[in-house]
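See structure below.
Just so it is clear, the model here is predicted, and its values are computed rather than measured. Keep in mind that the numbers below use all heavy atoms, side chains included, and drop hydrogens, waters and symmetry copies.
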Amino acid sequence: MLIRFMIYGLIGWCIEITWTGLGSAFSGDKKLTGYTYLWMFPIYGLAVLLEPVHDMIVNWPWVLRGGIWIGMIYLIEYITGWLIQSYTGRCPWDYGNTKYAVKGLIRLDYAPAWLLAGLLFERIHVFLDRIFPV
């Protein structure tokens, strides 16, 4: 479980750095500046706790699975953002008052990205099951 936690944490960091780097490119930053936060490693590592959910819904249509991932990712993002904000006084990924932000902790317009992230997670989980059988 610890190895999978580490793998999910590292993959999450890589995806987030790529996502923010692409975002900077669309904003005109030719350096393609990408970033993440140390807080994100354990948050992405928590994906290991979602493996049993994937095992239960693996044969469902992808649209239903994607909806579940969107909801679960929003829940995790909101709770962890709230906890960090309560502890430090600020959420590292504060979305502010953007149009679709909820208390600055989640962005509803990120639903398509979370759907893709959830379906990608499924592939990673299957791959890890082959490499590190439980």
Query raised in the report: Are any non-hydrogen side-chain atoms of F41 and T36 less than 4.5 angstrom apart?
Result: no

Report task. Spell out, yes or no, whether I15 and F26 are grouped together once hydrophobic residues are joined by side-chain heavy atoms under 4.5 Å, including indirect joins. Result -> no

Query raised in the report: How far does CD of E51 sit from CE of M1, to the nearest 0.5 angstrom?
Result: 7.5 Å

Report summary line: Between the CG atom in L119 and the CD1 atom in I124, the distance rounded to the nearest 0.5 Å is 11.0 Å

Query raised in the report: Do R4 and D129 come within less than 4.5 Å of each other through their side chains, counting heavy atoms only?
Result: yes

Report task. Show your working on side-chain hydrogen bond (donor to acceptor under 3.5 Å, both in side chains) between E77 and Y110 and close with a plain yes or no. Result -> CA-CA 12 Å; E77 185 179 30; Y110 279 11; over 6 Å; no

Report summary line: Here the gap from T80 atom OG1 to L75 atom CG, rounded to the nearest 0.5 Å, amounts to 9.0 Å

Query raised in the report: Mind checking whether I84 and W93 have side chains closer than 4.5 Å, heavy atoms only?
Result: yes

Report summary line: Taken to the nearest 0.5 Å, the spacing of W82 CH2 from K103 NZ works out to 10.5 Å

Query raised in the report: Is there side-chain contact between F5 and P42, with at least one heavy-atom pair below 4.5 Å?
Result: yes

Query raised in the report: With the 4.5 Å side-chain cut-off for hydrophobic clustering, are L46 and L105 part of the same group?
Result: yes

Query raised in the report: Are L38 and I7 connected in a single hydrophobic cluster, I mean Ile/Leu/Val/Met/Phe/Trp/Tyr linked by side-chain heavy atoms less than 4.5 Å apart?
Result: yes

Requested in this report: Report the relative orientation of the aromatic rings in Y8 and F121; use parallel for angles under 30°, tilted for 30 to 60°, perpendicular for over 60°.
Outcome: tilted

Query raised in the report: What are the two closest non-hydrogen atoms of L49 and P52, and how far apart are they?
Result: O-CD, 3.4 Å

Query raised in the report: Can you tell if the side chain of H125 reaches within under 4.5 Å of the side chain of L50, non-hydrogen atoms only?
Result: no

Report task. Count the heavy atoms of every other residue, nucleotide or ligand shown that sit under 6.0 Å from CD1 of I3, and state whether that count exceeds 12. Result -> no

Report summary line: Taking every heavy atom of C91 against every heavy atom of G81, the minimum-distance pair comes out as SG-CA, 3.8 Å

Query raised in the report: Can you find a pair of side-chain heavy atoms, one from I43 and one from Y37, that are under 4.5 Å apart?
Result: no

Requested in this report: Would you tell me whether W69 and E122 have side-chain atoms, one donor and one acceptor, within less than 3.5 Å of each other?
Outcome: yes

Query raised in the report: Is there a path of hydrophobic side-chain contacts, each under 4.5 Å between heavy atoms of I, L, V, M, F, W or Y residues, that connects Y44 with L22?
Result: no

Query raised in the report: So do Q85 and D94 actually touch side chain to side chain, heavy atoms under 4.5 Å?
Result: no

Requested in this report: Identify the residue among N59, L115, I57, I70 that makes a side-chain contact (heavy atoms from CB on, under 4.5 Å) with R65.
Outcome: I57

Query raised in the report: Hey, quick one: are W13 and L32 part of the same hydrophobic cluster, counting side-chain heavy atoms closer than 4.5 Å, chains of contacts allowed?
Result: no

Requested in this report: Would you check, one step at a time, whether the test side chain to side chain contact (heavy atoms under 4.5 Å, CB included) holds for Y74 with V102?
Outcome: CA-CA 10 Å; Y74 276 145; V102 177; over 6 Å; no

